[in-house]
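Notes follow once the structure below has been shown.
Quick note on labels: first sequence line is chain A, next is B, and so on, each numbered from 1. These figures come from a predicted structure and were not determined experimentally.
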There are 2 protein chains.
Amino acid sequence: MDEAMRVGDEETATPRNGPRNGPRTRAGEANEERILDAALDAFASRGYHGARIDAIAAAAGLSKPNLLYYFKTKDALYLAVLRRTLELWLEPLRELDEARDPRAALEAYVARKLAYSRDLPSASKLFALEILQGAPLLGRVLDGPLKALVDEKTAILRGWIAAGRLAPVDPHTLIFAIWATTQHYADFSSQVAAVTGRTLADEGFFEETREGLVRLLLDGAMPRG
Amino acid sequence: MDEAMRVGDEETATPRNGPRNGPRTRAGEANEERILDAALDAFASRGYHGARIDAIAAAAGLSKPNLLYYFKTKDALYLAVLRRTLELWLEPLRELDEARDPRAALEAYVARKLAYSRDLPSASKLFALEILQGAPLLGRVLDGPLKALVDEKTAILRGWIAAGRLAPVDPHTLIFAIWATTQHYADFSSQVAAVTGRTLADEGFFEETREGLVRLLLDGAMPRG
DNA sequence: GTCTATAAGCGGATAGAC
DNA sequence: GTCTATCCGCTTATAGAC
């Protein structure tokens, strides 16, 4: 993997996510989308090195050379997948709203993140794999935009704590706990399925889990009173 | 990767973890240990396909053919690493003790798991990678020994709930939440470091995190009273 | 047990016709 | 834009001397 070009380096990156800058047809656009979808699944379930471009091409209904017409290298394809998924990944935290009631705001955030784990498990796994391996390509996103966003939101949490509207929990610990618990159901779905026999696709399990996480994170496991 | 032989299939597996059944010297034992240590780091940080056996050999201070004298194939080496780490991984949950006070027992479990994330981050990452990719080799461990262990412990939690010593939280949700939050600091250490600037190796951060997780999981984020 | 040298095969990437 | 055929480097694994 060419680590010289990272996701954060928008200047040095290909201007468009796509492979070429010239004119493109609607059929070409559609192919690109299908390739990116197939690549997301492949990279998420097998990792960068484990993914095979001929398998991605087959899943997208193209030949291997034809895929490489759209994305010149495996690296470029991986980068394009990462970029396309990035905004989606950062977005839920952005919605954490100072103006709302703390309980309602945190409940909504947990629900949003858990729905993301249900609806886009491959995206969650892709970022998990990338970060697990030291975030070679996402590094600058983590200590740039992500850190800035987290700083902004921890300030909101601190304000709530100062106002007595939130218990004096460490804001980073709380945010990490919400990420970890909700993403767990996507990233470790095979383990969750092995232990419980259920997945988030099961609507009842989703609702029980959402309710259970909210109760646990907001009210704790010890009896109140 | 040869998926025909899984970690759970002890019958069909090599009798010893090592490569040969015959006599082995103390130097040979030491080499095996060094290989397994190097292999754990490599597989955890680069994944099965990304790990290179010549790099593992170099890290262990041997030539590549010499490593292959100890472990005939890359697959056998990966399997041996997974087996050696398995017991260590299952052990903390075993210690969750019905006889103890629920609060003390859960505090101890969180502390144990967090210390594991600090002391053996590669082991945590290795299992995370394996489970993330669908647990091709650990599958039978998850729905066998792990499920049995979890069933046993959820029964304890249910007992505590029935006795009013624990709030009515779903036992699976609680166990998953403890796993997810504590393992997060090992598996996503690069993200934690990017956002907070600290790691569990920092004793102050470890203690704050342990305290913070215990407070959050046991007492919740909302003010009591 | 350990090495140097080499075989064997896979998988990313290219050539070039259509 | 899409394909068939092919190249070539890289990595696992083996041969065989020491």
The nucleotide from C:dT4, C:dG1, D:dC3 with an atom nearest the side chain of A:Ser63 is D:dC3
Rounded distance (Å) that lies between atom P of D:dT11 and atom OH of B:Tyr78
19 Å
How close or far is atom P of D:dG1 from atom CD of A:Glu29, stated in whole angstroms?
9 Å
Taking for each residue the nucleotide of DNA chain C with the nearest heavy atom, is it B:Gly28 or B:Pro65 whose nucleotide lies nearer the 5' end?
B:Gly28
For the pair made of CZ in A:Arg46 and C1' in C:dG12, what is the distance, rounded to whole Å?
16 Å
Rounded distance in Å - NE2 (B:His49) to P (C:dG9):
19 Å
Under 4.0 Å between a side-chain N or O of A:Thr73 and OP1 or OP2 of C:dG12?
no
Within residues 51-59 of chain B: residues closer than 4.0 Å to DNA chain D (heavy atoms)
B:Ala51, B:Arg52, B:Ile53
Just N and O in the side chain of B:Asn31: are any of them under 4.0 Å from OP1 or OP2 of C:dT2?
yes
Value in whole Å for how far the C1' atom of C:dG12 lies from CD1 of A:Ile35:
15 Å
Are B:Glu208 and B:Arg198 within salt-bridge range, i.e. N to O under 4.0 Å?
yes
Given D:dT12, C:dA13, C:dT4, which nucleotide is nearest the side-chain atoms of B:Lys64?
D:dT12
Here's one to test your reading of the geometry: is the NZ or CZ of A:Lys64 within 45 degrees of the ring axis of A:Tyr69 and under 6.0 Å from its centre?
no
Heavy-atom side-chain contact between A:His184 and A:Gln191 under 4.5 Å
yes
Whole Å only: how far is the CG atom of B:Asp75 from the C1' atom of C:dC10?
16 Å
Report the distance from atom CG of B:Leu68 to atom C1' of C:dT4, rounded to the nearest whole Å.
14 Å
Centre of B:Tyr48's six-membered ring, under 6.0 Å away, within 45 degrees of the axis: is that where NZ or CZ of B:Lys74 sits?
yes
Give the nucleotide from the list C:dA15, D:dA13, D:dT2 with an atom nearest to the side chain of B:Lys74.
D:dA13
Rounded to whole angstrom units, what separation is found between the CG atom of B:Leu67 and the P atom of D:dT14?
13 Å
Using only side-chain N and O atoms of B:Asn66, determine if any of them is under 4.0 Å from OP1 or OP2 of C:dC3.
yes
Is a salt bridge present between B:Glu95 and B:Lys153, judged by a nitrogen-to-oxygen distance below 4.0 Å?
no
Would a 4.5 Å heavy-atom cut-off, applied to side chains only, mark B:Ser189 and B:Lys125 as touching?
yes
Find out whether the Lys NZ or Arg CZ of A:Arg118 is both under 6.0 angstrom from the six-membered ring centre of A:Phe206 and within 45° of the ring's axis.
yes
